[in-house]
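Heads up: the structure comes next, in structure tokens.
No hydrogens, no waters, no symmetry mates; every other heavy atom, side chains included, goes into these values. In what follows, chains carry the letters A, B, and so on, assigned in the order in which the sequence lines appear, proteins first and then strands, with residues in each chain numbered from 1.
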Protein chains: 2
Amino acid sequence: MSRTREGELAAQNMAAKAEEVALLLKTLSHPARLMIVCTLVDTELAVGELEAMLELHQPHLSQHLTVLRAARIVEPRRAGKQIYYRLTQAKAAELVGALHAIFCRRPE
Amino acid sequence: MSRTREGELAAQNMAAKAEEVALLLKTLSHPARLMIVCTLVDTELAVGELEAMLELHQPHLSQHLTVLRAARIVEPRRAGKQIYYRLTQAKAAELVGALHAIFCRRPE
DNA sequence: TATAAACTATATTATATCATATATTGATTT
DNA sequence: AAATCAATATATGATATAATATAGTTTATA
């Protein structure tokens, strides 16, 4: 295979992967959504609990949860009047872990 | 300090940090910009080289480089007619490394 | 001054955000 | 079982921001 043809393929593979990852980053690139995902990283929480912890207005929170649900980053479970959310994507959880390690560690 | 006051502080600290990180994610959440940053992760490259590797139209690429420059993720160095770009933020580089580890590893 | 490399401006179109108002769903009381 | 309440979701609309193509501009060298 010619070198330029190889380059085209490499660019296309990279573009496909970049599109997938960029989409996830975009979904997480709002402070509220990032906080939601961070808060859910090691526990399931009801909407009302998130609301209290993050100090977000209810419809606003709900709208962001809708975005995260659509992206399949988060999944709801109904229990009576309340709806509990948890992370569903291992990769998203790993990413949050990495972000925490990079940006929230103590500066040496 | 009261428990609710503590909670407010925690929420505010988290919000401040989330805003910073979300901004970075947002800057990287476009496929072209993500590819640019990935490509620069271990080498400096001229605009023309990026153009060829990523198969992007020149003004399009240049506009994305402008965004990355404004975010101080990338820095230009002029050498004659050409302008070489390189990463300047250790944290951004670490993030790209983490993304690579999470999303580009072979599935087991 | 002509050319190559890269940047900037402009205009169009598409998306995202967020507040307010309204709807749904399940539990509780009468 | 109808009315009510509490928890959450959805709809709507106003405003802001982002993406991208085309055209024009700058800078450096030959």
Side-chain angles (χ1 to χ4, degrees), chain A residues 11 15 18-37 39-40 43-88, chain B residues 11 15 18-37 39-40 43-88:
Chain A
E19 196 150 341
E20 174 202 337
V21 177
L23 195 67
L24 173 60
L25 293 184
K26 189 168 162 189
T27 306
L28 297 181
S29 75
H30 186 287
R33 291 197 292 271
L34 190 56
M35 286 195 292
I36 292 169
V37 172
T39 307
L40 292 177
T43 178
E44 184 187 62
L45 287 171
V47 177
E49 297 176 304
L50 282 169
E51 200 180 327
M53 292 172 74
L54 304 181
E55 299 176 355
L56 292 173
H57 289 158
Q58 184 272 320
H60 196 189
L61 172 56
S62 192
Q63 280 157 357
H64 286 302
L65 285 171
T66 300
V67 173
L68 291 170
R69 240 187 297 124
R72 305 182 150 282
I73 291 174
V74 114
E75 213 174 62
R77 173 180 73 83
R78 175 142 228 156
K81 269 182 292 197
Q82 293 169 52
I83 297 183
Y84 287 85
Y85 278 89
R86 62 191 168 75
L87 295 192
T88 44
Chain B
E19 197 149 342
E20 174 202 337
V21 178
L23 195 67
L24 173 61
L25 293 184
K26 189 169 165 190
T27 306
L28 297 182
S29 75
H30 187 289
R33 291 197 291 270
L34 189 56
M35 286 196 291
I36 292 168
V37 172
T39 306
L40 292 177
T43 179
E44 183 187 63
L45 286 171
V47 176
E49 298 176 303
L50 282 169
E51 200 180 327
M53 293 173 74
L54 304 180
E55 299 176 357
L56 293 172
H57 289 159
Q58 186 271 320
H60 195 189
L61 172 56
S62 192
Q63 280 157 356
H64 287 303
L65 286 172
T66 300
V67 173
L68 291 170
R69 240 186 298 123
R72 306 183 150 283
I73 291 174
V74 113
E75 213 174 61
R77 174 179 72 83
R78 175 145 230 153
K81 269 182 292 198
Q82 289 164 55
I83 297 183
Y84 287 85
Y85 277 89
R86 61 189 169 75
L87 295 192
T88 43

Find the distance [X]:[atom1] to [N]:[atom2] and express it as a whole number of Å.
X	N	atom1	atom2	answer
B:E51	C:dA5	CD	P	9 Å
A:L28	C:dT17	CG	P	12 Å
A:Y84	D:dT8	OH	P	8 Å
A:L54	C:dC18	CG	P	14 Å
B:E75	C:dA6	CD	P	17 Å
B:E19	C:dT17	CD	P	13 Å
B:R77	C:dA5	CZ	P	17 Å
B:L61	C:dA6	CG	C1'	9 Å

Can you tell which of [options] lies closest to the side chain of [X]?
X	options	result
A:H64	C:dC18, C:dT8, D:dA9	C:dC18
B:H60	D:dT20, D:dA18, D:dA7	D:dT20
A:Q63	C:dA6, C:dA19, D:dT10	C:dA19
A:T66	D:dA9, C:dT8, D:dT10	D:dT10
A:R78	C:dT25, C:dA19, C:dT15	C:dT25
B:Q58	D:dA9, D:dT8, C:dC7	C:dC7
B:A46	D:dA9, C:dA6, C:dC7	C:dA6

Would you say [X] reaches [N]'s phosphate, i.e. side-chain N/O to OP1/OP2 under 4.0 Å?
X	N	answer
A:R33	C:dA16	no
A:R69	D:dT10	yes
B:K26	D:dA18	yes

Take A:R69 and A:Y85 through the test side-chain contact (heavy atoms from CB on, under 4.5 Å) and record every step on the way to the result. CA-CA 9 Å; A:R69 240 187 297 124; A:Y85 278 89; 3.1 Å; yes
Any [X] side-chain heavy atom under 4.5 Å of [Y] side chain:
X	Y	value
B:I36	B:L61	yes
B:I83	B:L65	no
B:L68	B:V37	yes

Would you kindly compare A:H30 and A:K81 by the position of their nearest DNA chain C nucleotide and give the one closer to the 5′ end?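 Result of the comparison: A:H30.
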Would A:R86 and A:E75 pass as an ion pair if we require N to O under 4.0 Å? yes
For a quick check of understanding: with a heavy-atom distance under 4.0 Å over all strands, which category does A:Y85 fall into, base, sugar-phosphate or nothing? sugar-phosphate
